[in-house]
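Take a look at the structure set out below.
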Amino acid sequence: MNDIKKLISELTLEEKAGLTSGKDAWLTKAVERLGIGQSRTSDGPHGLRADDYSRPDHATMPAVCFPTAVTTAASFDRDMLYQLGEELGTECRAYGVDVLLGPGVNIKRSPLCGRNFEYFSEDPYLAGQLGAAFVNGVQSKGVGTSLKHFFANSQETRRFTSSSEIDERTIREIYLPAFENVVKKAQPWTIMASYNKINRTYATENKKFIDEVLRKEWGFEGLVVSDWGATHDRVAAIVAGTDLTMPATDSDHVIVEAVKNGTLPEEALDLCCERVLELVFKSEEHRDPNAKCDVEAAHQLARKFAANSLVLLKNDGKMLPLKKTDKVAFIGAFAEKPRLQGGGSSHIVETKITSALEAAKEAGIDVEYAPAYNRETGGTDDRLFAEALELAKTAEKVVLFIGLPDRMESEGGDRQHIRLPEAHDLLVRAVCALNPNTAVVLHNGSPVAMPWIDAPKAVLEAYLGGQAVGGAVVDILFGDVNPSGRLAESFPKKLEDNPSYLWYFGEGDTVTYNEGLFVGYRYYETKKLEPLFPFGFGLSYTDFEYSNLRLSRWEMSEDMTLGVSVDVKNVGEVKGKEVVQLYVAPVRGKVIRPAKELRDFAKIELEPGETKTVHFELSKRAFAYWSVEKKDWAVENGRYEIQIGRDSHNVALSHGIAIKPENELHHW
Ligand code: GLC
């Protein structure tokens with residue numbers, strides 16, 4: 001074990017300053033004189049974007065592009081996220097990467113955010129559970145992660161300078177809990193401080209949240225790294241506890257001068273150096289130059305993960321699954337070249353791509369194809385459109401592939417509306433008018449408007465499902481896989497219904513989160529405003545029945561735990577997976593609160609006719625709100641409802657529970 005304190009005492013001031021910023025875009029600085037090596041970071045949350053250092057142009061090495069976070073979140077499957085993490089950890093070791101820059105757990109205030117595809121959910125509980133599973137999976141392979149972007153990085157517009165202005169309860173109940181859960185349940189090796197300010201102080205310089213909350217309150221033991229280019233004041237960053245500024249910068253001298261002129265205590269610098277050295281030694285300790293990975297097997301896993309995540313939104317008359325003997329038309333360029341990931345720092349060079357067209361042909365399905373529109377622009381022309389309609393007339397079944405072209409959503413920019421390209425909307429209406437047996441497959445990284453939703457018989461949300469998404473789509477369309485995804489975000493009927501709509505981009509650098517706690521379904525359910533598709537929604541090829549909801553108590557004090565059990569039966573003809581969702585509807589008391597909040601979930605697989613009992617255990621936090629007065633979590637006494645939901649809107653069963661002071665409980 002390296003004696004870090006001793007090494008710190010041997011470092012020169014210049015070497016210490018140098019340790020707190022990068023060597024280049026991905027590496028920390030070595031100090032050969034003292035045998036201090038380097039740690040190698042690399043993006044991203046759904047696959048490796050690693051530079052090939054053996055090439056002069058440092059080109060990005062091909063790697064497996066797994067489904068993006070918006071897609072895997074819809075799996076509601078902690079075990080799958082853990083397995084995805086294991087896969088990415090294995091690939092990192094084979095590529096010689098020590099820290100994977102992900103997952104992104106920022107909360108989705110609006111469908112407009114250009115990076116929504118990279119984040120899990122509008123709900124902090126779901127984001128925190130899946131983020132922790134992912135981190136534990138990656139780190140089980142001796143590779144670190146970087147939980148990002150800490151925090152309230154909820155838009156791309158003016159992301160380098162904007163200040164997220166948020167009240168204390170909203171920070172605590174909406175924007176911190178996902179980070180809190182991952183830190184407490186998975187101890188990520190690093191956390192990435194975001195570009196934006198929080199209530200006027202840059203995240204990289206925010207001692208309150210980095211030191212007081214992250215380290216002292218939550219017990220974070222790792223290193224805080226700036227987002228790339230997010231450090232504006234090197235001295236303030238060190239004081240706040242941002243240990244490492246990335247990428248390489250020419251400002252190390254500022255730190256040297258600050259220590260010399262007494263404006264920066266050397267102890268603060270030493271503390272950051274200690275955490276950099278801990279990261280470097282941990283990286284070296286776990287490195288395995290002989291590590292290998294099997295990208296073909298990983299490609300098949302990517303297909304399985306996507307198939308476990310895609311969401312069936314509509315299936316009138318059980319049009320799906322199709323029969324493999326059906327005469328099917330695939331219409332839309334995304335059938336031949338699927339949209340499978342988003343733009344920006346997470347963008348990967350895929351090892352291979354499986355399109356729906358290829359997968360159908362591989363499965364021996366008689367499928368004809370027409371592109372119908374230009375894949376890159378989303379536009380069409382008379383010839384392409386006419387060709388598509390001709391094909392629609394003659395096919396028994398039509399599957400339309402539409403969605404957002406790459407250029408409409410990416411890191412670095414936000415959308416201004418949630419419409420699909422006009423040609424895509426027109427295509428749906430025209431094809432459905434010609435052929436009622438039409439299903440739509442959507443490729444998008446964030447909710448879109450569907451003014452034509454009444455026209456097609458079926459709609460499958462395929463999101464940005466990774467390089468094998470085409471195979472997953474075919475597996476579901478033709479019934480080899482029974483869809484089990486559930487939306488991890490609300491789809492509004494129109495953008496104006498979204499709670500942040502009136503003020504989302506802010507004014508100048510002031511972005512005020514006026515919607516407060518009422519993000520996503522917390523708004524729609526409280527306001528009783530029906531979305532197009534609610535959080536937690538998704539259909540199956542089978543049906544499930546819920547019964548026998550029982551609680552371990554009918555009254556409790558806030559420090560007790562509550563057992564919740566419910567039976568779920570598959571009453572259909574085929575095997576299927578159900579996502580059992582538990583919401584707590586708080587007492588309507590003195591505290592302003594959302595109508596309900598997701599407090600647990602479980603994904604179970606049931607054979608036809610099979611029944612399983614699902615158990616949950618709730619503790620104080622499931623009932624609590626953040627008390628600004630107490631500076632702590634508090635529980636209001638009164639009657640709560642435990643709701644077992646098929647989604648955030650459709651409650652299958654519910655049961656009341658009274659929370660009282662200990663001395664008022666009935667003791668039989
Ligand atoms: C980017 C992103 C961050 C990424 C980093 C390195 O700007 O904000 O998510 O990991 O820089 O590419």
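Quantities reported herein were computed from a predicted structural model and do not represent experimental measurements. Counting starts at 1 for both ligands and their atoms, in listed order.
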Sidechain N-carboxylate O distance under 4.0 Å for E212, K216: no
Between the side chains of R109 and S154, is a donor N or O closer than 3.5 angstrom to an acceptor N or O? no
Test item: side-chain donor near acceptor, S194 and N196, under 3.5 Å = yes
Next item on the list: Quick one: sort the H286 and W189 rings into parallel, tilted or perpendicular, breaks at 30° and 60°.
Entry: tilted
Result block: side-chain N/O donor-acceptor pairs under 3.5 angstrom for residues 344-351, not counting sequence neighbours:
unit_1: S345; atom_1: OG; unit_2: R115; atom_2: NH2; d: 3.3
unit_1: S345; atom_1: OG; unit_2: E411; atom_2: OE1; d: 2.6
unit_1: H347; atom_1: ND1; unit_2: G342; atom_2: O; d: 2.8
unit_1: E350; atom_1: OE2; unit_2: Q341; atom_2: NE2; d: 2.9
unit_1: T351; atom_1: OG1; unit_2: Q467; atom_2: OE1; d: 3.4
unit_1: T351; atom_1: OG1; unit_2: Q467; atom_2: NE2; d: 2.8

Partner of F150 under ring-ring contact (aromatic ring centres under 6.0 Å, His included), picked from F179, Y195, Y202, is F179
N/O to N/O under 3.5 Å, ligand 1 against protein:
unit_1: ligand 1; atom_1: 7 (O); unit_2: Y195; atom_2: OH; d: 2.7
unit_1: ligand 1; atom_1: 7 (O); unit_2: E411; atom_2: OE2; d: 3.1
unit_1: ligand 1; atom_1: 8 (O); unit_2: R115; atom_2: NH1; d: 2.8
unit_1: ligand 1; atom_1: 8 (O); unit_2: D227; atom_2: OD1; d: 3.2
unit_1: ligand 1; atom_1: 8 (O); unit_2: D227; atom_2: OD2; d: 2.6
unit_1: ligand 1; atom_1: 9 (O); unit_2: R115; atom_2: NH2; d: 2.9
unit_1: ligand 1; atom_1: 9 (O); unit_2: K148; atom_2: NZ; d: 2.9
unit_1: ligand 1; atom_1: 9 (O); unit_2: H149; atom_2: NE2; d: 2.7
unit_1: ligand 1; atom_1: 10 (O); unit_2: D43; atom_2: OD1; d: 2.6
unit_1: ligand 1; atom_1: 10 (O); unit_2: K148; atom_2: NZ; d: 3.1
unit_1: ligand 1; atom_1: 11 (O); unit_2: D227; atom_2: OD1; d: 3.2
unit_1: ligand 1; atom_1: 12 (O); unit_2: D43; atom_2: OD2; d: 2.6
unit_1: ligand 1; atom_1: 12 (O); unit_2: R49; atom_2: NH2; d: 3.2

